[in-house]
Structures are given as C-alpha cells and as structure tokens.
Amino acid sequence: MAREFDMGKNFCHRCRYCLPCEQEVQISDIMTFGSMARRLAPNVAVILTKDAMESMDNCTDGEECLLKCPYHLAIPEVIREQRKNYDAVLAQS
Ligand code: SF4
C-alpha cells in the first residue's frame with residue numbers, strides 16, 4: 001500500500017491537484033484549516049482563513065475534485081467538517 005494512504009483519508013498534502021475548483025472553493029486551504037487553527041489564536045486564524053473558509057459555501061458536491069485528488073480524499077465531506085470547525089473557532093474569536 002502506498003505511503004500516502006497510511007496518513008488517513010483526511011490528511012491534505014497541499015499538492016493542489018484538485019484545483020482549480022469550478023465553484024472557486026479554495027479546497028486545500030479549507031482542508032488544512034485544522035492545523036492552522038491549532039497553531040493560532042482564534043481571532044488570528046479567522047482573519048487569515050475567512051475568505052477560504054467562506055468559499056466552502058459555494059461547494060455543490062461536485063465530483064471533479066474527488067477525481068483529481070491523488071490521495072482519494074473525501075473532499076466535500078472533509079471541507080464540510082472543516083467549515084463546522086471554522087464556525088466553532090469564529091464563535092470564540
Ligand atoms: S488534491 Fe487532495 S491532497 Fe492535493 S491539495 Fe487537493 S485535497 Fe489536498
């Protein structure tokens with residue numbers, strides 16, 4: 001089994017092969033919100049990620065990104081989860 005699969009189905013490698021998204025969803029920035037939020041104060045994390053996280057609202061659950069991701073990540077599912085995480089951080093900021 002390839003090494004990348006050992007890192008789980010949610011770990012984004014930021015390769016950006018999934019981009020561009022037709023809906024202009026900033027996929028890789030959303031996918032990695034959790035690591036950003038862990039390292040920063042809530043208000044700083046919100047300032048730095050607001051545009052990317054709000055672009056998630058454009059997601060139409062298309063499959064183009066799924067087909068392009070070499071790591072077979074469940075992108076729509078993960079970005080929806082990260083959007084919930086963002087909303088929680090936003091509430092603390
Ligand atoms: S193609 Fe997959 S691993 Fe690469 S940036 Fe997009 S979601 Fe992340």
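This one's a predicted model, so the numbers in the text were calculated from it and none came from an experiment. By convention here, the first residue in the shown sequence is residue 1. When a ligand or atom number is given, it counts from 1 through the structure's own listing order.
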Residues in side chain to side chain contact (heavy atoms under 4.5 Å, CB included) with [X], at least two apart?
X   : result
Q92 : P42
T32 : C12, R14, S35
A41 : N43, V44

*Which value, rounded to the nearest 0.5 Å, describes the distance between D61 atom CG and I79 atom CD1?*
8.0 Å
*Can you list the protein N, O or S atoms less than 2.8 Å from atom 4 (Fe) of ligand 1?*
C15 SG
*To the nearest 0.1 Å, how far is atom 7 (S) of ligand 1 from its closest protein heavy atom, and which atom is that?*
I75 CD1, 3.6 Å
*Counting only N and O atoms by type, is there a donor-acceptor contact under 3.5 Å from the side chain of K50 to the main-chain atoms of A45?*
no
*For S93 and V46, indicate whether the former's side chain and the latter's backbone hold a donor-acceptor pair under 3.5 Å.*
no
*Starting from the C-alpha separation in whole Å, work towards a yes-or-no answer on salt bridge (Lys or Arg N to Asp or Glu O under 4.0 Å) for D57 and R80.*
CA-CA 9 Å; D57 296 341; R80 268 196 300 275; over 6 Å; no
*At a non-hydrogen distance cut-off of under 4.0 Å, which region of L19 contacts ligand 1 (side chain, backbone, both, or neither)?*
neither
